[in-house]
2 protein chains.
Amino acid sequence: MKNKNIDIYKIAELAGVSKSTVSRVINDKAGVKASTREKVAQVIKDLNYKPNSSAKGLASKKTHTIGLVISDITDPFFAMFVKGAEKKAMEANYNMMLANSHWVVEEELKCIQMFEEGRVDGILMISGGSEEKLDNYLDNLASNNLDIVVVDRKIKNENIPKLNSDNFDAGYRATKYLIDLGHTKIAHIKGEDIASSHASRDRVAGYEKALSEAGIKEKIIYPGFFARKKAYQVTKKLITEHSEVTAIFYSSDMMAIGGLKALKNMGLRVPEDISIIGIDGIEMSALMDPPITTLSQPAFEMGYQGMEKLINKLENEINNSHSEDLIFQMELIERASTKKLN
Amino acid sequence: MKNKNIDIYKIAELAGVSKSTVSRVINDKAGVKASTREKVAQVIKDLNYKPNSSAKGLASKKTHTIGLVISDITDPFFAMFVKGAEKKAMEANYNMMLANSHWVVEEELKCIQMFEEGRVDGILMISGGSEEKLDNYLDNLASNNLDIVVVDRKIKNENIPKLNSDNFDAGYRATKYLIDLGHTKIAHIKGEDIASSHASRDRVAGYEKALSEAGIKEKIIYPGFFARKKAYQVTKKLITEHSEVTAIFYSSDMMAIGGLKALKNMGLRVPEDISIIGIDGIEMSALMDPPITTLSQPAFEMGYQGMEKLINKLENEINNSHSEDLIFQMELIERASTKKLN
DNA sequence: TTAGTTTTTGGGATCGCTCCCGGCTATTAA
DNA sequence: TTAATAGCCGGGAGCGATCCCAAAAACTAA
């Protein structure tokens, strides 16, 4: 029933060489006569031999596998990030293990622990939880032989490479864009209120900077918790409390989508009566009616480069410490949800 | 720098027992005195010892890992499927490796080959390619010691468990729903035209059955290739060629979204002038204006049960052959894109 | 032709675990 | 008291690769 156990010894036997030589050709190592190499390669091909990865892992202490810790794979941003990470992994001939952490640090740590069983050479994680807790844990981890790259969290440990979007800049530019359109009554629906999200904080700071630069005194900030439904509710509240507002900057596209629905519900036209802008650049925001103007995060690119950074770190044990962190700029995508104020 | 190599021997030493006993408590095997078990467990905990998974894999020939082959993780249906699969995997204490196949069989096969290096105990795949090619390949694979479960393809091999949505029924019910609403001029935008998609074919057949049952002679079928933009174009074509149509059944939500945009563009109101219905139940379809009526595939459930089936097959080597295939019914979600014909 | 090099090749130890089997210790029965 | 049985535990032989080191082969130069 089962396939005859074909291992490196069998290949060696059939090719008339020793296992060492077979190992050399498998791993493309020097020191094998071309003719021998060819002969062995042929046998390997004929028998469709695949070296056992557990044995390889045991002997070499490398699994050629990367662990991905993601909050929620159904989130379009994360999915695109994973797709980018996978591309680089494939190119570098690495495998990927996936673990969902459902936005809670404890689960993230559990995922990491799972990976600590020597299953992976390194971890790429987008954290969604509190930075402090993460910080503590990662300090311990760093003393292990697991390399890690963290996305979207500003942790303190200097030995851990970080990837972040330039959230301050994004907040600034989104707001500036609305100001340049002539708006002065600009509200902001921010993400979370808790300390765990520096992304939200930085975007708020960017918003404030743009306003103050333009000499606009009134800040109108409501929390939307990065949730569509929450944004829907809070938008209604915002409009009833601040009917003077002519533009809203949402800290995410999903919130903008919720907001758009609320606005329509209240009989407001977008963008004629009110302009809205989001952040993320998810496909969905382009499909809305009207399509929503947004600052797009290069999710694919972030995944790709995050994976690249990790693999580099893995393969050149040199200059491990103090590698430059990566910061990604967002791209403004002008669509039909924003309009010059007349 | 690196952590002192802590292995099963060290635990054994510190606990004052043999490695065999440590192994027994790690794997929860019988034959260890309660007091000994406790003592060993304590040492394991104190040292935060994690058995090396490569060594485990080598010795036991089980990796406790499942390979997932998915066409595109950024597709919301697949993402939700993966989420379901992951839930079950976690519960059963399995890990998951992810590989994207970008909708082409060759890449799917490459992914499978990658997994054949003994990295995984089994494979769960949603295929997006031609059924014949897949059939051939899987026949070979079956003779290996890799278990596999295939979603969304009707392959012939009887030993491979399959999961499918009841596409015929979905096509039938979608059409019937429109008929019950009083429509008689009902068009269908189908998926692909090529032989590779039985899903599309079955839905078309369901559409035809419903029409003929209702004594409606005229079938109006256009190909939309499961692509939003294609559906946009073809919808415009359809309307100009068949202005009498009052309802369109799209073979996917994405196509319905493209169609909706086309309809609006042409000045048609949905659902007042024309009703539309889709298939899939992706979140996006609920966020459209109007929200689109659809038949929802239980993606999460499918992932969960697919993984469950695979793990069962893995763990009970018994009754391997001829396990019942799983067929999932879709759920009609009535939203605002369909309306009684007056 | 022979010694000295450089390439190729083979063998053995090892990685960290599982699992089988035999031995030891206790407990029970006669 | 002694033998039989059951419950615990330890030791050794793999699992299938890598990698170091020494041996063999091939090549060079004198």
Side-chain angles (χ1 to χ4, degrees), chain A residues 2-41 43-44 47-65 95 116-121 144-145, chain B residues 2-41 43-44 47-65 116-121 144-145 315:
Chain A
K2 302 268 171 187
N3 216 355
K4 186 94 170 270
N5 238 354
I6 139 168
D7 59 14
I8 201 172
Y9 280 95
K10 171 132 299 168
I11 301 292
E13 183 191 331
L14 294 180
V17 298
S18 77
K19 64 179 175 17
S20 304
T21 299
V22 176
S23 175
R24 285 187 192 100
V25 350
I26 291 172
N27 298 299
D28 253 320
K29 294 218 169 142
V32 182
K33 217 195 310 176
S35 61
T36 311
R37 186 182 295 278
E38 228 171 273
K39 190 174 53 183
V40 174
V43 176
I44 290 180
L47 273 73
N48 188 31
Y49 162 71
K50 306 253 192 305
N52 178 293
S53 64
S54 289
K56 249 185 143 118
L58 218 210
S60 68
K61 306 196 158 303
K62 294 255 161 279
T63 58
H64 248 248
T65 301
N95 293 101
E116 280 185 280
E117 298 174 357
R119 293 178 185 291
V120 303
D121 297 339
N144 257 353
N145 38 13
Chain B
K2 305 268 168 184
N3 217 354
K4 185 94 169 270
N5 238 354
I6 139 169
D7 58 13
I8 202 172
Y9 280 96
K10 172 134 296 167
I11 301 293
E13 184 191 330
L14 293 180
V17 297
S18 76
K19 63 181 177 14
S20 303
T21 299
V22 176
S23 175
R24 285 187 192 100
V25 350
I26 290 173
N27 298 298
D28 252 322
K29 294 219 172 139
V32 182
K33 218 197 307 176
S35 61
T36 311
R37 186 181 297 277
E38 227 172 274
K39 189 173 53 183
V40 174
V43 176
I44 290 180
L47 272 73
N48 188 30
Y49 162 70
K50 305 256 193 301
N52 178 293
S53 65
S54 290
K56 247 184 145 119
L58 220 209
S60 67
K61 306 194 155 303
K62 294 253 161 278
T63 58
H64 249 249
T65 301
E116 282 185 277
E117 297 174 359
R119 295 179 183 290
V120 303
D121 296 339
N144 257 354
N145 38 12
E315 306 206 326

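Each chain gets a letter, A, B and so on, in the order the sequences are listed, and its residues count up from 1. These numbers were taken from a predicted model, which means no experiment stands behind them.
- A donor N or O paired with an acceptor N or O is found under 3.5 Å between the base of C/dG11 and the side-chain atoms of A/Ser20.
- Nearest nucleotide to the side chain of A/Asn52, out of D/dG10, C/dC19, D/dG16: D/dG16.
- The side chain of A/Arg24 lies closest to D/dC20 when the candidates are D/dC20, D/dC19, C/dC17.
- If you check D/dC9, D/dA17, D/dC15 against the side chain of B/Val32, the one that comes closest is D/dC9.
- Summarising the geometry, the separation between NZ on B/Lys29 and P on D/dC8 is reported as 16 Å, rounded to the nearest angstrom.
- Here the side chains of A/Val32 and A/Lys39 are not in contact, with every heavy-atom distance at 4.5 Å or above.
- Note on A/Lys33: every side-chain N or O is 4.0 Å or more away from OP1 and OP2 of D/dA26.
- Both B/Leu58 and B/Gly31 sit near DNA chain D, but only B/Gly31 has its closest nucleotide nearer the 5' end.
- A heavy-atom distance below 4.5 Å is found between the side chains of B/Tyr49 and B/Ile8.
- Regarding contacts with the backbone of C/dT9, every side-chain N or O of A/Ser18 stays at 4.0 angstrom or more from both OP1 and OP2.
- Rounded to an integer number of Å, the gap from CZ of A/Arg119 to P of C/dC17 is 13 Å.
- The separation between B/Ile11 atom CD1 and C/dG16 atom P is 13 Å, rounded to whole Å.
- Rounded to a whole Å, the NE2 atom of A/His64 is 12 Å from the P atom of D/dT18.
- Heavy-atom minimum distance, A/Ser18 versus A/Ala12: C-CB, 3.6 Å.
- Among the heavy atoms of the strands, none lies under 4.0 Å from B/Ser53.
- At the phosphate of C/dT18, OP1 or OP2 sits under 4.0 Å from a side-chain N or O atom of B/Lys56.
- For a distance-only test at 3.5 Å, the side chain of B/Lys19 qualifies as a donor-acceptor partner of the base of D/dG12.
- Whole-Å rounding puts the A/Glu38 CD to C/dT9 P distance at 13 Å.
- A straight line from CG of A/Asp7 to P of D/dC15 spans 8 Å, rounded to a whole angstrom.
- Remark: C1' of C/dC19 and NZ of B/Lys61 are 13 Å apart, rounded to the nearest angstrom.
- Considering only heavy atoms from C-beta on, A/Lys56 comes within 4.5 Å of A/Ile26 through its side chain.
- Residue B/Tyr9 has no polar side-chain atom (N or O) positioned under 4.0 Å from OP1 or OP2 of C/dT18.
- Atom-to-atom, NZ of A/Lys10 to P of D/dA17 comes out at 12 Å; the value is rounded to the nearest Å.
- Proximity of B/Lys50 to the phosphate of C/dG16: no side-chain N or O atom is located under 4.0 Å from OP1 or OP2.
- When every heavy atom of A/Lys29 is checked against every heavy atom of A/Arg37, the shortest pair comes out as O-NH2, 2.7 Å.
- Neither OP1 nor OP2 of D/dC9 sits under 4.0 Å from any side-chain N or O of B/Thr21.
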